Every structure is written in structure tokens, then in C-alpha cells.
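Below is one structure, written out as C-alpha cells, with a few remarks after it.
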Amino acid sequence: MNENHSHPAPRGISLLVLGALLALACQPAGAVLHAEHSLRYLGWMGLKPVTVEITLRARPRDMFEYREWIAPRWWAGFFGEPEMHETMLRAEDSDFRPVIHTSWSGEAVDLQTLPDEVVDLLLVRLEARADIASGVRQADYAVWQDDGTIETWRLEVTGDETVETPDARYRALTFELGNKDHSIRGWSAPLLAFHFVRLEFWEGQDRVGVLELAEKELWE
């Protein structure tokens, strides 16, 4: 996690959001980062309506399982199969290190040989969430791609606004995460421990997916 960044909160953030941010900032970053959870989103990826479940669960020997399960719904269920992406993480102090990444095809990749600062496409979301919770406005990440390349992604917190989701209405910090080719525009809710309540996926100038929080389970 990028603990060396320290920036003032974005101008225009409401007192409600700022108060929640300051309250959570008093907790150790690892407490926010390591909290087990299950989040279910509804939306679409490409042209397909989907349900997406993202879970973080503790496993023996200081290991964590971070999984994204994408299932087609409605008519798309007749034409597609569920996809699963999973990263096994090792907890080290207040940080996570990726150990094994498994794609939907079942191919497992050993990530332990990567430099310490490199994260994968799943772990970068946890890193960004923890940095936003710490009050960071801008940070860079080295992100491992499925084809083995490493890209530089930038996090920028851009403001705050109210967003309506199937789960509830949330006051959220808005952010962008990625680069000019691949990016995520997101809404991070301080009152939900900075979990993301809405995500938009972009390829260049084209929006290729939208997910909105529909259901949540959080454990301490």
C-alpha cells in the first residue's frame, strides 16, 4: 500500500463524508484493508447483463482468498458461462502480497517472483481502497496484466457526490484508477468502510461496463 502519500482532502467534500473519512483514518490501514467481505453487484460487461460477486476471506497461515465471480444473467445466461478470477494473498504486516493468480480458464500463475511493489488486477482495487481511506488523493501502482506485462496505473480522487445503487443511496468519493487505455471510474463510500458502490470500466474513451452494489456482507 502506498503509505508515503499524504494529501489534503479534495475541495468540496461534504462534512458528512469528511467526518467519516477522518474517523476511519484513525484506524490502522490494515484494519480497513484486511476486513473480510462479500459484495454483490448488478450491471453489464460488454453487452451482457451480469451479476458480479467479490469476496475476501481469510485462509490458514496468514493467507487470504480474493475472488471475483462473474455470472451472466437474464438472456445472457443462455449464451455464456460464469467466469472466475482469484488471487491468493499473503498478509505481511499491514499489507498484502499476491502469491497465486488464477484466471477463469483455470490457469494459475505464480506471482511471488514479481517485485514487491507489483500488484495484480484484483489486488490493485484493495490497494486503491485502502489509500482512499487513508486520505490519499493521488497514487501510482505497478499492475501485472494477464499477458505478463506490467502497466503503471494512477489513482486520482476527483471529488464527492451522492450515488443511487440497488443496495442504497450513498455519499461517495469519486475516483479514477488506471491509464489512458484501461481505467475504472468508481464511487468509494466512507460510511461503508470505503468499499466501492459503483464501478464503470473504460477502454480508452468507451465505457464497456457498469456495476452497482446490490448486496453486502461485512465481517470484522
Side-chain angles (χ1 to χ4, degrees), residues 1-3 29-30 32-41 43-46 48 50-72 76 79-132 139-155 175-186 195-196 199-204 206 208-211:
M1 189 171 58
N2 296 272
E3 296 178 343
V32 176
L33 183 63
H34 290 191
E36 294 183 68
H37 59 267
S38 175
L39 306 173
R40 188 171 66 90
Y41 297 85
W44 53 272
M45 302 295 290
K48 297 188 302 184
V50 295
T51 298
V52 176
E53 184 174 2
I54 297 177
T55 59
L56 178 68
R57 293 191 171 97
R59 293 294 181 249
R61 297 184 295 277
D62 294 323
M63 299 291 290
F64 283 78
E65 172 194 87
Y66 193 37
R67 177 178 291 180
E68 178 182 53
W69 184 266
I70 305 172
F79 302 98
E81 298 292 330
E83 299 180 11
M84 187 271 287
H85 305 264
E86 177 185 274
T87 301
M88 294 302 296
L89 309 170
R90 177 179 293 111
E92 297 179 354
D93 298 323
S94 62
D95 208 351
F96 277 145
R97 292 300 311 139
V99 177
I100 299 290
H101 177 87
T102 305
S103 68
W104 66 270
S105 64
E107 180 182 0
V109 180
D110 185 350
L111 301 183
Q112 297 182 83
T113 59
L114 293 175
D116 288 345
E117 68 273 10
V118 175
V119 296
D120 73 344
L121 289 164
L122 288 181
L123 182 52
V124 69
R125 299 184 201 177
L126 281 182
E127 297 281 290
R129 182 172 71 89
D131 281 343
I132 294 171
D140 290 326
Y141 310 96
V143 182
W144 177 85
Q145 307 293 305
D146 287 340
D147 62 3
T149 60
I150 297 175
E151 297 182 355
T152 298
W153 281 26
R154 169 157 290 190
L155 167 70
F175 68 89
E176 295 186 8
L177 174 66
N179 55 35
K180 63 181 180 65
D181 298 317
H182 317 283
S183 63
I184 298 171
R185 297 178 186 176
H195 284 290
F196 302 155
L199 294 167
E200 296 182 352
F201 299 89
W202 292 75
E203 299 288 341
D206 298 321
V208 297
V210 175
L211 298 175

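We number each residue from 1, following the sequence as shown. Predicted model, so just to flag it, every value in this text is computed and none were measured.
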Item to check | Considering all heavy atoms, the nearest Thr87-Pro98 contact | outcome: CG2-CB, 4.0 Å

Checklist entry - Is the backbone N or O of Val119 less than 3.5 Å from a side-chain atom of Arg97, with the two atoms forming a donor-acceptor pair by type? => result no

Checklist outcome for this item: Residues at least two apart in sequence or cross-chain that pass side chain to side chain donor-acceptor pair (under 3.5 Å) with Ser38, listed by chain then number, are Glu53

Item to check | Spacing of Leu177 atom CG and Arg129 atom CZ [to the nearest 0.5 Å] | outcome: 13.5 Å

Checklist entry - What distance do Leu111 atom CG and Met88 atom CE have between them, rounded to the nearest 0.5 Å? => result 12.0 Å

Checklist entry - Under the side-chain contact (heavy atoms from CB on, under 4.5 Å) criterion, do Arg125 and Glu68 qualify, and how do the steps go? => result CA-CA 12 Å; Arg125 299 184 201 177; Glu68 178 182 53; 3.3 Å; yes

Checklist outcome for this item: Hits for side chain to side chain donor-acceptor pair (under 3.5 Å) against Glu151, two or more places apart or cross-chain, chain-then-number order -> Trp153, Asn179

Next on the checklist: My understanding is that only residues two or more places apart in sequence, or in another chain, count here; which of them pass ring pair (Phe, Tyr, Trp, His ring centres under 6.0 Å) with Trp44?
Outcome noted: none

Checklist outcome for this item: With sequence neighbours left out, the residues meeting ring pair (Phe, Tyr, Trp, His ring centres under 6.0 Å) with His182 are none

Checklist entry - What pairs with Arg154 under salt bridge (Lys or Arg N to Asp or Glu O under 4.0 Å), at least two apart in sequence or on another chain? => result Asp140

Next on the checklist: Checking Thr149 now: which residues fulfil side-chain contact (heavy atoms from CB on, under 4.5 Å) with it, not counting sequence neighbours?
Outcome noted: Gln145, Asp147

Item to check | Value rounded to 0.5 Å, distance of CG in Asp120 from OH in Tyr141 | outcome: 13.5 Å

Under 3.5 Å, which donor-acceptor pairs do the side chains of residues 56-66 form with other protein atoms, sequence neighbours left out?
from: Arg59; atom 1: NH2; to: Glu65; atom 2: OE1; distance (Å): 3.3
from: Glu65; atom 1: OE2; to: Arg67; atom 2: NH2; distance (Å): 3.4

Item to check | Sequence-distant partners of Trp202, side-chain contact (heavy atoms from CB on, under 4.5 Å), two or more places apart | outcome: Ser183, Arg185, Glu200, Arg207

Checklist entry - At what distance, to the nearest 0.5 angstrom, does CD1 of Ile70 lie from NZ of Lys48? => result 8.0 Å

Next on the checklist: Distance check, rounded to the nearest 0.5 Å: Ile132 atom CD1 versus Leu155 atom CG?
Outcome noted: 5.0 Å

Checklist entry - What pairs with Tyr41 under ring pair (Phe, Tyr, Trp, His ring centres under 6.0 Å), at least two apart in sequence or on another chain? => result none

Item to check | Asp110: side-chain contact (heavy atoms from CB on, under 4.5 Å) partners, not counting sequence neighbours | outcome: Ile100, Gln112

Checklist entry - Roughly how far apart are Leu126 CG and Leu89 CG, rounded to 0.5 Å? => result 7.0 Å

Next on the checklist: Please determine whether side-chain contact (heavy atoms from CB on, under 4.5 Å) holds for the pair Phe196 and Ile54, giving the CA-CA distance in whole Å, both sets of side-chain angles, and the decisive distance to 0.1 Å.
Outcome noted: CA-CA 11 Å; Phe196 302 155; Ile54 297 177; over 6 Å; no

